[in-house]
Amino acid sequence: MKKVTFYYVRHGRTEFNRDKIIQGGRVDSPLVSESVPAIERSAKALSQIEFARCYVSPLNRTHQTAEVLLAGRNVETRVNANLREFDFGDIDGKPYKGNKGTFTRCFLRQDFSSVGGESGKEVRERVRRAFKKMYKESADGDNILVVGHGAYLRYVVLEFAKMSGFSRRLVSTTMRVPNAGIATIVAADGEFELVCMPVKAEKFRPIN
C-alpha cells in the first residue's frame with residue numbers, strides 16, 4: 001500500500017491581505033515583513049519532518065512562503081499549476097469595500113462565474129488533479145510540503161474531509177484559515193483524507 005502524507009501550509013500574510021483587497025488567482029502581492037515570524041513558527045513546527053519535495057502554486061506569495069519554510073534545507077520545489085488560488089473574476093484585485101456584497105454572494109454560492117471567475121466545481125476538479133499528480137510523483141512513505149492558498153484549501157475540505165456533505169459544506173464556508181496555518185492530508189492507495197484542519201503552528205501535531 002502506497003501512503004503519502006501532505007502538509008499543506010497557507011502562504012503568509014500579504015500586502016493585499018493587510019489592505020483588505022480581494023486576492024484570488026488572478027492577482028498577487030508580496031508578503032509583508034511582519035508575516036515572517038508566523039511562517040518561521042510553522043517552519044519550526046515542521047522541522048522534524050523530512051520532506052521528499054515541496055509543491056507551490058504559480059503565484060509568488062507561495063514561493064516566498066516556501067523559501068522561509070525551507071530555509072537551510074535542501075528540498076526540491078516544483079510548481080503545480082492546479083494549486084493556483086480560486087479565480088474571483090472581475091472583482092479579483094479590487095477592494096472589499098464596495099465589492100463585499102458581490103464577493104459574499106458568490107462566496108456563499110461557491111460560484112464566481114457570474115463575475116467571470118471560477119465555480120466551486122471547477123476548483124474541486126483542480127484539487128483532484130493537483131493531488132493526484134503529486135501522489136503519482138511520490139513514493140511510499142513520502143512527506144510532501146504543499147504551499148498554497150486559503151480559499152483553495154476550503155475546496156480541499158470539500159473534496160477530502162470524511163464527513164457528511166452538509167458538514168463539509170458548512171465547515172468549508174465557516175472555517176478560519178490562518179496565514180501560515182498547517183493542514184494535513186493523507187493519501188493511501190490513491191484515496192485522500194483530510195486528517196487535520198488548518199491550525200496555527202502552536203497547535204500543530206505531526207502525523208506519527
Side-chain angles (χ1 to χ4, degrees), residues 4-18 23-87 123 126-138 142-157 159-160 175-187 192 194-207:
V4 178
T5 303
F6 299 92
Y7 293 92
Y8 186 110
V9 180
R10 184 190 177 194
H11 62 78
R13 191 167 188 248
T14 68
E15 291 181 358
F16 281 4
N17 292 150
R18 178 196 63 198
Q23 184 176 232
R26 294 189 182 188
V27 299
D28 207 3
S29 67
L31 302 183
V32 292
S33 59
E34 58 265 31
S35 74
V36 174
I39 304 171
E40 290 176 336
R41 288 192 293 273
S42 291
K44 184 177 180 180
L46 296 165
S47 63
Q48 299 306 307
I49 299 170
E50 182 178 347
F51 291 114
R53 71 190 58 82
C54 171
Y55 291 90
V56 296
S57 98
L59 296 167
N60 194 53
R61 56 192 185 265
T62 64
H63 296 238
Q64 287 183 285
T65 302
E67 288 177 4
V68 178
L69 290 170
L70 295 172
R73 297 214 213 188
N74 183 22
V75 177
E76 177 192 10
T77 298
R78 298 180 185 177
V79 174
N80 186 324
N82 282 311
L83 291 172
R84 181 183 288 271
E85 179 63 296
F86 201 128
D87 182 347
V123 179
R126 288 203 287 112
V127 168
R128 288 194 293 271
R129 290 197 298 270
F131 278 85
K132 284 180 180 178
K133 178 177 174 62
M134 294 186 292
Y135 180 79
K136 183 178 180 180
E137 293 176 350
S138 301
D142 277 356
N143 295 308
I144 303 297
L145 178 63
V146 181
V147 185
H149 303 274
Y152 185 96
L153 183 55
R154 296 178 187 278
Y155 293 85
V156 173
V157 171
E159 199 60 33
F160 299 143
M175 74 177 185
R176 297 182 65 85
V177 184
N179 287 109
I182 308 168
T184 310
I185 301 100
V186 174
F192 296 83
L194 179 74
V195 298
C196 176
M197 292 289 180
V199 294
K200 292 184 178 181
E202 294 81 356
K203 297 184 177 180
F204 170 75
R205 296 293 180 271
I207 299 296

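What you see is a predicted model; the values in this text were computed from it and never measured.
Proximity of Arg53 to Ser138: side-chain heavy atoms (C-beta onward) are separated by under 4.5 Å at one or more points. Contact check for Arg84 versus Leu59: side-chain heavy atoms found under the 4.5 Å cut-off. A 4.5 Å side-chain heavy-atom check between Leu46 and Val9 finds at least one atom pair inside the cut-off. Residues Leu69 and Ile39 form a side-chain contact, since some pair of their non-hydrogen atoms from C-beta on lies under 4.5 Å apart. Looking at heavy atoms from C-beta onward, Ile182 lies out of side-chain contact with Lys200 at the 4.5 angstrom threshold. For the pair Met175 and Leu153, the minimum side-chain heavy-atom distance is below 4.5 Å.
With hydrogens and angles disregarded, no donor-acceptor distance shorter than 3.5 Å links the side chain of Asp142 to the backbone of Val4. With hydrogens and angles ignored, the 3.5 Å screen pairs a side-chain donor or acceptor of Gln64 with a backbone N or O of Leu31. Of the possible polar contacts, one joining the Ser29 side chain to the Phe16 backbone as a donor-acceptor pair under 3.5 Å is found. No side-chain donor-acceptor contact under 3.5 Å links Arg61 to the backbone of Pro30. Using modelled atom types, no side-chain atom of Arg10 and backbone atom of Val147 make a donor-acceptor pair closer than 3.5 Å. Formation of a donor-acceptor pair under 3.5 Å by the Arg128 side chain with backbone atoms of Glu159 is not found in this model. Panel note: side chain Asn80, backbone Tyr55; no donor-acceptor pair is recorded below 3.5 Å. Remark: the backbone N or O of Gly12 is paired with a side-chain donor or acceptor of Thr65 at under 3.5 angstrom.
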Test side chain to side chain contact (heavy atoms under 4.5 Å, CB included) on Ser35 and Thr14; report intermediate values, then the result.
CA-CA 8 Å; Ser35 74; Thr14 68; over 6 Å; no

**Study point:** Candidate pair Val75 and Leu145, rule side chain to side chain contact (heavy atoms under 4.5 Å, CB included), full reasoning
**Key:** CA-CA 10 Å; Val75 177; Leu145 178 63; over 6 Å; no

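Side-chain contact annotation: Ser57 with Glu85, donor-acceptor N/O pair under 3.5 Å absent.
The distance from atom CZ of Arg126 to atom CG of Leu83, rounded to the nearest 0.5 Å, is 8.5 Å. To the nearest 0.5 angstrom, Tyr135 atom OH is 8.5 Å from Phe6 atom CZ. With rounding to the nearest 0.5 Å, the separation of CE in Met134 from CD1 in Ile144 is 8.5 Å. Note: Asn82 CG to Lys132 NZ = 11.5 Å, rounded to the nearest 0.5 Å.
The aromatic rings of Tyr8 and Tyr152 lie parallel to each other, with less than 30° between the two planes, well short of the 60° mark.
Taking the six-membered ring for Trp and the full ring otherwise, Phe160 and Phe192 have centroids separated by under 6.0 Å.
Counting non-hydrogen atoms of other residues, nucleotides and ligands closer than 6.0 Å to CD of Glu202 gives a total above 12. Environment of CD in Gln48: sparse, with no more than 12 heavy atoms of neighbouring residues, nucleotides or ligands closer than 6.0 Å.
Checked for salt-bridge contact, Lys133 and Glu137 meet the test: a charged N lies under 4.0 Å from a carboxylate O.
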